[in-house]
Engineer: 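Please read through the structure below; I'll follow up with questions.
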Amino acid sequence: MSVEASNGAGRTIVEKIWDEHLVHREAGKPDVLYIDLHLVHEVTSPQAFEGLRLSGRRVRRPDLTFATADHNIPTTDRSLPISDPISKAQIDTLESNIGEFGIVYFGMHDPRQGIVHVIGPELGLTQPGMTIVCGDSHTSTHGAFGALAFGIGTSEVEHVLATQCLTQSRPKTMAVNFVGVAGEGVTAKDLILGVISEIGVGGGIGHVIEYRGEAITALSMEGRMTVCNMSIESGARAGLIAPDETTFEYLEGRPYAPSGSAWSEAVDFWRSLPSDKGSTYDEEVEIDAGSIAPFVTWGTTPGMSVQVTGSVPSPSEAADPSEASAMERSLAYMGLKAGTPIVDIPVDRVFIGSCTNGRIEDLRSAARVAAGHRLADSVKAMVVPGSSAVKAMAESEGLDKIFKDAGFEWREAGCSMCLGMNPDILEPGERAASTSNRNFEGRQGRGGRTHLVSPEMAAAASIAGHFVDIRDWEYK
Amino acid sequence: MKAIRRVEGTMAPMPQADIDTDQIIPKQFLKRIERSGFGPFAFYDWARTDDGQLSSDFVLNRPEYQGSQVLVTGPNFGCGSSREHAPWALQDRGFDAIIAPSFADIFRNNCGKIGLVCVTLGQDEVSELIDISTSTPSAQVTVDLEELTVTCGDFYATFEFDEFARECLLNGWDEIALTEHLDEEISGYEKRRRGYLPSAKAV
Ligand code: SF4
């Protein structure tokens, strides 16, 4: 992305947002960008606050900084004290930091609590055209609203707390153009797993991806968030989708969304954001949406996936020896034999939740699949809403009852088994169908084996006891 | 941060691609609220057998690689979570530089902030270094940030490095202080920001 392009005729949405937030530019140096929204959680912030204290700095804009506890809080009865003393220390540290620095906090008992990437949008904090950061790689989720949102490390968290700015080199841009529409039973999760399988887990490095095309604009905001969420799994710096009527409809009336005359002023600006005709990208990728079927990962990166109709691939099909050895290692870790049909793989545990698929629409879809069924005897399954508000809404719709009747555990909101920092973990050798975003070795518990799927596919697997093609499902 | 001009020492080879930050520092260690002391937990699960004993197979447990300063590894190193605990752990374990064909963006940024030098070389060059450190663990490598070169016996390669990040490392600059010098510009920007943008004050 060249500087000239940003001054010339066609600009991409990324260039527009970048230019809008430019505080300082100097030749040979990265730009200094203003950050509109900084989300903070318990895991990546303690050392940043400590840094501020040591250097005698304050938080420049506590009013643009919002904190919640999500990563290691228990998802069981919250009226009990946190039993893990180290988790408790981390939550206590966050609470004393937000007190000391005057930051708004949605704590464990607040109805607005939840996974940072679920509550930002839900509260209307996430809006088109903004710059949003968080000490968390899945900050890319917020790109669903046409915001430039990316994960940062703790040193950068400290930088933003102190200055409300971030020093950033311009990323390259990549357009992922979906051609055609997705078929029946194919979800946002399958679209993004399809993208990652196409460009690879390192294919997005250095880029911001803009997702385009009919298969994308047809998605709800929840679906768009699922897509943008997993951008980081391709190595991309961020992912975004141009805002449109679906975006505005979602936002209108939310607590932090503009209202009255500010609303129309905002919408006018938001309508100017989509990439101009004639704007160019550093890279363009075309994906045929119609060719995508429900995906299941078989390995230990989100790129190691195959359509549910397929089988576990063989290292002999690998492009080169290093890929073959990576595949062998993954198959050994996953306890899988090449050639096994995906639908023959049994599952022990099912996790429905996370910032990828823990929103209300995800729970509705999973509940539709589970309704009237019972979990397979061999399966333990849990549903962990992405936020306390999602949980409340699901309960008001009776989804909790559908899940409980089918034999699922119904939990409090948080990250839970997505990364297993709380007691929700897999045992060594246990095999899970999970709606989260990472199937890395040990991610959900040491020796645990994770298969990433959509909420519908996860619910179906929990009932059948093995993976099934959701397109063959008998809804009751 | 202290200034860094050059990293010298021996290498440790980890040729796998896509080593993610969950492997570098598993989540159970993210609950610490300090910045230091993560070294003993680097690659915790890979370094141990199923019964929790230190595994003699794991490269960093082998005596010949114990004191290595430079990690040489595969593409997309540091992918996954943004946890800065990963660079902290590698640095605390004794690494001052990492050489790979490519790095995950957030990981590389994080390393830059703490003075852990990430050097991108071509896959062939990386493979050559991996071969050298596998056959001769005592081979000395020099990563020179001033000259932008990597040398090791007859091996010689040049690399590119973001100029600003390089200046920060060479001079040991505090990036926050640099941005604080822009206070007037930041305040000016704050005055012209759109009024309806979300703020805690508004609700
Ligand atoms: S749900 Fe998982 S991926 Fe999302 S923020 Fe929490 S731990 Fe990270």
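Naming convention: chains lettered A, B, ... in sequence-line order (proteins, then strands); numbering from 1 in each chain. Just so it is clear, the structure is predicted and the values come from calculations on it, not from any experiment.
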Engineer: Counting only heavy atoms closer than 4.5 Å, note whether A/A266 contacts chain B via side chain, backbone, both or neither.
Structural biologist: both

Engineer: Name the region of B/E175, side chain, backbone, both or neither, that has any atom closer than 4.5 Å to a heavy atom of chain A.
Structural biologist: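 Looking at B/E175, backbone and side chain both touch chain A.
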
Engineer: Let me know if A/L125 has heavy atoms under 4.5 Å from chain B in its side chain, its backbone, both or neither.
Structural biologist: both

Engineer: Given that the side chain runs from C-beta out, which part of A/V23 has a heavy atom under 4.5 Å from chain B: side chain, backbone, both or neither?
Structural biologist: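 Looking at A/V23, backbone and side chain both touch chain B.
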
Engineer: For A/E20, which atoms come within 4.5 Å of any heavy atom of chain B: side chain, backbone, both, or neither?
Structural biologist: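 Contact with chain B involves both backbone and side-chain atoms of A/E20.
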
Engineer: Among A/R57, A/Q164, A/Q127, who wins on heavy-atom pairs under 4.5 Å with chain B?
Structural biologist: A/R57

Engineer: Is B/I186 in contact with chain A via its backbone, its side chain, both, or neither, using a 4.5 Å heavy-atom distance?
Structural biologist: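 For B/I186, heavy atoms of backbone and side chain both lie under 4.5 Å from chain A.
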
Engineer: Is it true that the side chains of B/S81 and A/R443 contain a donor and an acceptor less than 3.5 Å apart?
Structural biologist: no

Engineer: Answer with side chain, backbone, both or neither: which region of A/N72 has an atom nearer than 4.5 Å to a non-hydrogen atom of chain B?
Structural biologist: side chain

Engineer: For the candidates A/T65, A/D36, A/V32, A/L37, which exhibits the highest count of non-hydrogen atom pairs separated by less than 4.5 Å from chain B?
Structural biologist: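 The answer is A/D36.
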
Engineer: Between B/Q28 and chain A, which part of the residue has a heavy atom less than 4.5 Å away: side chain, backbone, both or neither?
Structural biologist: neither

Engineer: Can A/V43 and B/R83 be said to form a side-chain contact (heavy atoms from CB on, under 4.5 Å), step by step?
Structural biologist: CA-CA 8 Å; A/V43 177; B/R83 58 188 73 164; over 6 Å; no

Engineer: Check the surroundings of atom CD in B/E184: do more than 12 heavy atoms from other residues, nucleotides or ligands lie under 6.0 Å from it?
Structural biologist: no

Engineer: Under 4.5 Å from any heavy atom of chain A, what part of B/A165 do you find: side chain, backbone, both or neither?
Structural biologist: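 The answer is neither part of B/A165.
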
Engineer: What are the two closest non-hydrogen atoms of B/N109 and A/E156, and how far apart are they?
Structural biologist: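 Reported closest heavy-atom pair: ND2-OE2, 3.7 Å.
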
Engineer: Between A/S322 and chain B, which part of the residue has a heavy atom less than 4.5 Å away: side chain, backbone, both or neither?
Structural biologist: neither

Engineer: Side chain, backbone, both or neither: which part of B/D45 has an atom under 4.5 Å from a heavy atom of chain A?
Structural biologist: both

Engineer: Which region of A/L166, side chain (C-beta onward) or backbone (N, CA, C, O), has a non-hydrogen atom less than 4.5 Å from a non-hydrogen atom of chain B, or is it both or neither?
Structural biologist: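 Contact with chain B involves no heavy atom of A/L166 at all.
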
Engineer: So A/H21 and B/Y189, would you call those rings parallel, tilted or perpendicular, with 30° and 60° as cut-offs?
Structural biologist: tilted

Engineer: Heavy atoms only, distances under 4.5 angstrom: which of A/G129, A/G420, A/P428 has the most pairs with chain B? Name it, please.
Structural biologist: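 The candidate making the most pairs under 4.5 Å is A/G420.
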
Engineer: Relative to chain B, which segment of A/S259 carries a heavy atom at a distance below 4.5 Å: side chain, backbone, both, or neither?
Structural biologist: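 No part of A/S259 comes within 4.5 Å of chain B.
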
Engineer: OG1/A/T301 to CG/B/D20 distance, rounded to the nearest 0.5 angstrom?
Structural biologist: 9.0 Å

Engineer: Could you pull out the closest heavy-atom pair between B/I106 and A/G151, with the gap in Å?
Structural biologist: CD1-O, 3.5 Å

Engineer: Examine distances only and state if a side-chain atom of B/D22 and a backbone atom of A/F440 form a donor-acceptor pair shorter than 3.5 Å.
Structural biologist: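 Flag not set: sc B/D22 to bb A/F440 has no pair under 3.5 Å.
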
Engineer: Would you mind checking which part of B/S187 comes under 4.5 Å of any heavy atom in chain A, side chain (CB onward), backbone (N, CA, C, O), both or neither?
Structural biologist: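 For B/S187, backbone and side chain are both near chain A.
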
Engineer: Could you walk me through whether B/R35 and A/E158 satisfy the salt bridge (Lys or Arg N to Asp or Glu O under 4.0 Å) test, starting with their C-alpha distance in whole Å, then the side-chain angles of each, then the deciding distance to 0.1 Å, before giving a yes or no?
Structural biologist: CA-CA 13 Å; B/R35 229 177 240 264; A/E158 187 179 335; 2.9 Å; yes

Engineer: Given that the side chain runs from C-beta out, which part of A/E26 has a heavy atom under 4.5 Å from chain B: side chain, backbone, both or neither?
Structural biologist: neither

Engineer: How close do A/F66 and B/A200 get, counting heavy atoms only, and between which atoms?
Structural biologist: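 In terms of heavy atoms, the two residues are closest at CZ-N, 3.6 Å.
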
Engineer: Could you tell me whether a side-chain N or O of B/E84 sits under 3.5 Å from a main-chain N or O of A/S155, the two making a donor and an acceptor?
Structural biologist: yes

Engineer: What part of B/F103 lies closer than 4.5 angstrom to a heavy atom of chain A: side chain, backbone, both or neither?
Structural biologist: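 It is the backbone, since no side chain atom gets that close.
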
Engineer: Please look at A/F49 and chain B and tell me whether the side chain, the backbone, both or neither of the residue comes under 4.5 angstrom of a heavy atom of that chain.
Structural biologist: neither

Engineer: Would B/Y196 and A/Y256 count as a side-chain contact (heavy atoms from CB on, under 4.5 Å) if you check the C-alpha gap in whole Å, the side-chain angles of each, and the deciding distance to 0.1 Å?
Structural biologist: CA-CA 9 Å; B/Y196 55 77; A/Y256 288 94; over 6 Å; no

Engineer: Count the heavy-atom pairs under 4.5 Å between each of A/H71, A/E233, A/E50, A/R329 and chain B, then report the option with the highest count.
Structural biologist: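 When all of A/H71, A/E233, A/E50, A/R329 are compared, A/R329 has the most.
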
Engineer: For chain B, which candidate among A/G202, A/A326, A/S137 shows the most heavy-atom pairs at distances under 4.5 Å?
Structural biologist: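 Maximum pair count with chain B is reached by A/S137.
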
Engineer: Please classify the contact between B/R166 and chain A as side chain, backbone, both or neither, with a heavy-atom cut-off of under 4.5 Å.
Structural biologist: neither

Engineer: Mind listing the closest non-hydrogen atom pair of B/I33 and A/Q47 along with its distance?
Structural biologist: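 Distance-wise, the nearest heavy atoms are C-NE2, 3.5 Å.
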
Engineer: Salt bridge between B/E167 and A/K29, side-chain N to carboxylate O under 4.0 Å?
Structural biologist: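 Answer for the salt bridge query: no.
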
Engineer: For A/R237, enumerate each residue passing the salt bridge (charged side-chain N to carboxylate O under 4.0 Å, His left out) test, keeping only those at least two apart in sequence or located in another chain.
Structural biologist: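 Once residues adjacent in sequence are excluded, A/R237 has no partner under the salt bridge (charged side-chain N to carboxylate O under 4.0 Å, His left out) criterion.
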
Engineer: To the nearest 0.5 Å, how far apart are NE2 in A/H24 and NE2 in B/H181?
Structural biologist: 11.5 Å

Engineer: Here's one to test your reading of the geometry: is the NZ or CZ of A/R446 within 45 degrees of the ring axis of B/W46 and under 6.0 Å from its centre?
Structural biologist: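 No.
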
Engineer: For A/G235 and B/D105, work out which heavy atoms get closest and say how close.
Structural biologist: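 It is O-OD2, 3.6 Å.
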
Engineer: Quick one: do A/I152 and B/S82 satisfy side-chain contact (heavy atoms from CB on, under 4.5 Å)? Show the steps, please.
Structural biologist: CA-CA 6 Å; A/I152 56 178; B/S82 64; over 6 Å; no

Engineer: With rounding to the nearest 0.5 angstrom, report the CD1 to OG1 distance, B/I114 to A/T154.
Structural biologist: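 With rounding to 0.5 Å, CD1 (B/I114) is 10.5 Å from OG1 (A/T154).
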
Engineer: Can you tell me how far the OG1 atom of A/T300 sits from the CG atom of B/D18, to the nearest 0.5 Å?
Structural biologist: 8.5 Å

Engineer: Among B/K113, B/E185, B/E163, single out the residue with the greatest number of heavy-atom pairs under 4.5 Å to chain A.
Structural biologist: B/E185

Engineer: Relative to chain A, which segment of B/D183 carries a heavy atom at a distance below 4.5 Å: side chain, backbone, both, or neither?
Structural biologist: both

Engineer: Does CD belonging to B/E160 count more than 12 external heavy atoms closer than 6.0 Å?
Structural biologist: no

Engineer: How close do A/C165 and B/T179 get, heavy atom to heavy atom, and via which atoms?
Structural biologist: CB-CG2, 4.0 Å

Engineer: Side chain, backbone, both or neither: which part of B/D50 has a heavy atom under 4.5 Å from chain A?
Structural biologist: both

Engineer: Heavy-atom distances under 4.5 Å only: say whether A/V201 touches chain B with side chain, backbone, both or neither.
Structural biologist: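 Both backbone and side chain of A/V201 come within 4.5 Å of chain B.
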
Engineer: Pick from A/R438, A/E323, A/H138, A/M130: which one has the most heavy-atom pairs with chain B under 4.5 Å?
Structural biologist: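 Looking at each of A/R438, A/E323, A/H138, A/M130 in turn, A/R438 comes out on top.
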
Engineer: Identify the residue among A/K88, A/E42, A/Q90 that makes a side chain to side chain contact (heavy atoms under 4.5 Å, CB included) with B/K31.
Structural biologist: A/Q90

Engineer: Count the heavy-atom pairs under 4.5 Å between each of B/E190, B/Q23, B/E180 and chain A, then report the option with the highest count.
Structural biologist: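 Greatest number of close heavy-atom pairs with chain A: B/E190.
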
Engineer: With a 4.5 angstrom heavy-atom cut-off, could you sort out which part of A/N437 is near chain B: side chain, backbone, both or neither?
Structural biologist: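 No part of A/N437 comes within 4.5 Å of chain B.
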
Engineer: Can you tell me which portion of B/L178 sits under 4.5 Å from chain A's heavy atoms? Options are side chain, backbone, both or neither.
Structural biologist: neither

Engineer: Sort B/R32 into side chain, backbone, both or neither according to what part of it lies under 4.5 angstrom from a heavy atom of chain A.
Structural biologist: backbone

Engineer: Would B/R193 pass as a cation-pi partner of A/Y34, given that its NZ or CZ must be under 6.0 Å from the six-membered ring centre and within 45 degrees of the axis?
Structural biologist: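 No; the conditions do not both hold, so B/R193 does not lie above the ring face of A/Y34.
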
